[in-house]
2 protein chains.
Amino acid sequence: MTTTPQMPVPCPIGRAVGLLGERWTLLILRNANLGTTRFDAFRAELGIADNILSNRLARLVEAGLLTRVPYRDGGRTRYEYRLTTAGAEVLPVLHALAVWGEEHTEPAEPTGSMQVIHQRCGQITTPGRVCDGCGEHVPREEEAWIRPWLSPDPITLASPVATGT
Amino acid sequence: MTTTPQMPVPCPIGRAVGLLGERWTLLILRNANLGTTRFDAFRAELGIADNILSNRLARLVEAGLLTRVPYRDGGRTRYEYRLTTAGAEVLPVLHALAVWGEEHTEPAEPTGSMQVIHQRCGQITTPGRVCDGCGEHVPREEEAWIRPWLSPDPITLASPVATGT
DNA sequence: CACCCTGGCTTGCATTTCACAAGTTGTAGA
DNA sequence: TCTACAACTTGTGAAATGCAAGCCAGGGTG
């Protein structure tokens, strides 16, 4: 028997990897944290195949990291995928990956690098929970990312949908 | 064209995921951080197939996260895989995954959960760079993990091999 | 009111990756 | 000599992934 996804192993890292470690999953969550909610948008941004995107979104909904919420498109009801708190809380994983990637990998061509800014104080900071500039905790509502290869404008992180508490 | 591993995309998260996001890779690095160095040991601990382990180790060496160092086994030379600093620096990713996994997933059967201890002060702490107990930065030499489903004894993190500096 | 468009999928088939098992190499100890 | 061991390599079938096409429902356009 192998340690394939979703088999609840005793190690929390193993369990997290089982869920988050499938191909595309962390990238979907990255984009969901940046405000993407719709099937088409994920497909366009990631270049992922339809069937796999469909599969991953379903799994993320099932695992409670995303939730399907109805929205109105003209006169009919469609669904979009919104972050839950569990999904929003993968942010530290994304931060850690961003730091590691910035430090240890090279882009194909030198575009400006990704930056995280603390909107309350306006400073650029290292991805993480404390602002390098003002020394304070950075709540997700005050965090924005600049991804210069897409746009010079900062993108404020998406808020998770209210769940219970 | 698809965003497959090793294609240097502009986003550092994408690049990190390209390398670290392959199946088994983060688990290999977790165990390497806990002191595993040998092919057999990785195989036994992870239950990974030989050819995939071989492939992943080679890729990690190529990417500079591990390095092959010779050791003597009786009268002959064998090789083991030791962490480089780049490999050791995935620790924050592992911490973030551990925290998320502890919070949002359930083990199959309730074994004691993984704990991180700051050996200088002896306190149990949340995986991360600052000790909950004494409030100080936890350098990796002072960090140990207890994984009660394997052993009650704390395991001090492996040191990376000296590189350059 | 027939036709096309758009978003969100599902289905079918080719390609790639993975799992499992068996074989290889070089040395050493029984 | 025979067996054991660590670290691989090779072969083969199963599963995951990628690509393209099709489907469905409601609305807009002519």
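Below, read A as the first sequence line, B as the second, and so on, with proteins coming before strands; counting in each chain starts at 1. In this text, all values refer to a predicted model and were calculated from it rather than measured experimentally.
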Tell me what B:Arg72 touches on the nucleic acid: a base, only sugar-phosphate, or nothing, going by heavy atoms under 4.0 Å. nothing

Closest approach to the side chain of A:Phe39, judged atom by atom: which nucleotide of D:dA6, C:dC9, C:dG7 is it? C:dC9

Upstream residue (5' side of DNA chain C) when B:Ile52 and A:Ser54 are each assigned their closest nucleotide: A:Ser54

Report the residue (A:Ile48 or A:Arg78) whose heavy-atom-nearest nucleotide on DNA chain D is the more 5′ of the two. A:Ile48

Please state whether the base of C:dG7 and the side chain of A:Asp50 form at least one donor-acceptor pair under 3.5 Å? no

Is B:Trp24 close enough to C:dT17 that one of its side-chain N or O atoms is under 4.0 Å from OP1 or OP2 there? no

For the side chain of A:Tyr81, starting at C-beta, report the closest nucleotide among D:dC8, C:dC9, C:dT6. C:dC9

Determine the minimum heavy-atom distance between B:Met114 and B:Trp145, stating which atoms define it. CE-CE3, 3.6 Å

Between D:dC8, D:dA6, C:dC20, which nucleotide has the shortest distance from any of its atoms to the side chain of B:Ala49? C:dC20

Min side-chain heavy-atom separation A:Ile117-A:Gln123 under 4.5 Å: no

Please check the phosphate of C:dG7 (OP1 and OP2 only) for any side-chain N or O of A:Arg43 closer than 4.0 Å. no

Within 45° of the ring axis of B:Tyr71 and under 6.0 Å from its six-membered ring centre, is that where the NZ or CZ of B:Arg78 lies? no

So, do A:Leu19 and A:Arg15 sit near enough that their side-chain heavy atoms are less than 4.5 Å apart? no

Contact class for B:Phe42 vs. all strands (heavy atom < 4.0 Å): base, sugar-phosphate, or nothing? nothing

Just to be sure I understand the rule, does A:Asn51 reach a base, reach only the sugar-phosphate, or reach nothing, if contact means heavy atoms closer than 4.0 Å? base

